Amino acid sequence: MRKKLFFGFIMLLLTAGIPLTLIAVKNQQDTRSRASTEAVKFFFNPNEALNSAPGSEVPLTLRMNTNGNPVAAMDVTLIYDKAKLELVSVDDSNSNFGANIHSNTPNNTTGEIRYAATAKDNNPITGAEVDIATFKFKTKPITGDANGAQVGLSSLKVATSGQANNELSANFDIARIT
């Protein structure tokens with residue numbers, strides 16, 4: 001009789017306990033993956049105003065703080081004042097992301113360049129100081145403008161993998177070259 005009771009108890013645990021445990025673990029993973037409510041933050045390094053003589057080259061490194069969000073892919077458009085700056089090159093060789101999957105060739109007639117990339121080896125990035133790419137600008141004469149030449153971003157798209165709704169909110173700080 002005890003063997004039957006013990007066997008019945010084990011069967012009850014297997015049929016009810018395992019599915020309940022799996023559901024609890026899945027809910028815990030979903031909660032942890034959405035734990036950060038802060039937006040992904042893009043910024044330029046250096047992020048203060050840069051002083052530059054006309055004709056000099058100024059490197060601006062686009063960086064990201066994930067605020068704990070797992071970022072698997074990003075797609076941004078860098079915008080700049082084409083009357084005051086000329087984009088010379090884009091270098092992503094030190095990027096925390098994998099190879100750039102899309103970047104327009106520097107075209108100084110539009111004053112913008114699209115840049116998109118995915119995380120290396122499908123491992124989402126969660127760091128606070130993440131290098132994306134260095135954009136090198138050549139300055140043109142900036143006269144009579146207290147704001148100088150501004151570099152910013154538009155069309156920010158940041159995504160994490162493994163979620164039904166995988167787009168994250170993002171914001172950015174502009175850079176000024178005077």
Side-chain angles (χ1 to χ4, degrees), residues 36-161 163 166-178:
S36 178
T37 58
E38 291 198 39
V40 174
K41 178 82 168 181
F42 288 93
F43 59 97
F44 292 98
N45 190 30
N47 58 1
E48 66 276 352
L50 300 170
N51 294 318
S52 169
S56 62
E57 291 189 354
V58 178
L60 284 177
T61 301
L62 180 60
R63 303 191 84 199
M64 174 180 69
N65 180 347
T66 68
N67 281 316
N69 295 295
V71 175
M74 46 94 42
D75 185 352
V76 300
T77 300
L78 184 95
I79 54 175
Y80 59 96
D81 187 342
K82 64 185 180 197
K84 300 174 184 175
L85 298 172
E86 176 185 340
L87 182 59
V88 177
S89 66
V90 179
D91 179 11
D92 60 2
S93 60
N94 293 324
S95 178
N96 288 69
F97 283 94
N100 172 13
I101 58 173
H102 179 78
S103 175
N104 296 336
T105 307
N107 176 351
N108 291 295
T109 60
T110 62
E112 60 183 49
I113 183 169
R114 183 175 175 200
Y115 187 89
T118 57
K120 292 178 183 174
D121 303 322
N122 292 323
N123 293 324
I125 298 167
T126 57
E129 299 287 326
V130 178
D131 284 340
I132 297 172
T134 299
F135 298 87
K136 191 177 287 185
F137 291 95
K138 187 174 188 178
T139 59
K140 297 178 181 180
I142 302 170
T143 56
D145 188 345
N147 289 325
Q150 297 182 2
V151 179
L153 301 172
S154 71
S155 304
L156 297 163
K157 291 187 176 86
V158 184
T160 182
S161 61
Q163 300 290 322
N166 66 356
E167 192 166 330
L168 299 167
S169 61
N171 57 41
F172 69 92
D173 288 336
I174 64 168
R176 272 185 233 293
I177 301 171
T178 55

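Source: prediction; values computed, not measured.
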Under the 3.5 angstrom rule, does the side chain of Asn67 hit a backbone N or O of Ala39 as a donor-acceptor pair?
-> yes

Interatomic distance, CG@Leu156 vs CG@Asp75, rounded to 0.5 Å, equals 9.5 Å

Calculate, to the nearest 0.5 Å, the distance between atoms OH and OG1 belonging to Tyr115 and Thr77 respectively.
-> 13.0 Å

Residues Leu153 and Phe42: closest non-hydrogen pair is CD1-CB, 3.6 Å

Kindly indicate whether the side chain of Val40, heavy atoms from C-beta on, has any atom under 4.5 Å from the side chain of Met64.
-> yes

How long is the gap from CD1 on Ile79 to CZ on Arg114, to the nearest 0.5 Å?
-> 15.0 Å

Measure the CD-OG distance between Glu57 and Ser89 for me, rounded to the nearest 0.5 Å.
-> 7.0 Å

Audit row: Asp92, Phe97, side-chain contact (heavy atoms from CB on, under 4.5 Å) steps and yes/no = CA-CA 8 Å; Asp92 60 2; Phe97 283 94; over 6 Å; no

Short side-chain to backbone donor-acceptor contact, Asn69 and Glu38, under 3.5 Å = yes

Is a donor on one side and an acceptor on the other found under 3.5 Å between the side chain of Asp81 and the backbone of Ala83?
-> yes

Which atoms form the tightest heavy-atom contact between Phe137 and Val88, and what is the distance?
-> C-CG2, 4.2 Å

So, for Pro59 and Thr134, which heavy atoms are closest and what is the spacing to 0.1 Å?
-> CB-CG2, 3.9 Å

Is a side-chain N or O of Thr160 found less than 3.5 angstrom from the main chain of Pro70, in a donor-acceptor match?
-> yes

Say whether, by atom type as modelled, one donor and one acceptor occur between the side chain of Thr66 and the main chain of Gly127 under 3.5 angstrom.
-> yes

Check against salt bridge (charged side-chain N to carboxylate O under 4.0 Å, His left out), Arg63 and Glu129 = CA-CA 7 Å; Arg63 303 191 84 199; Glu129 299 287 326; 2.8 Å; yes

CE on Met74 to OG on Ser95, rounded to 0.5 Å = 8.0 Å

Side-chain donor or acceptor of Asp131 paired with backbone N/O of Asn96 under 3.5 Å = no

Of the non-hydrogen atoms in Thr110 and Lys82, which two are nearest, and what is the gap between them?
-> C-CD, 4.1 Å

Check whether any side-chain heavy atom of Asn65 lies under 4.5 Å from a side-chain heavy atom of Phe43, and answer yes or no.
-> yes

So, for Tyr80 and Leu85, which heavy atoms are closest and what is the spacing to 0.1 Å?
-> CE1-O, 3.8 Å

Which heavy atom in Ile125 sits nearest to a heavy atom in Val130, and how many Å separate them?
-> CG2-CG2, 3.6 Å

Of Ile132, Val90, Asn45, the residue whose pairing with Leu62 passes side-chain contact (heavy atoms from CB on, under 4.5 Å) | Ile132

Nearest-0.5 Å distance, NZ of residue Lys138 to CG of residue Leu87 = 12.5 Å

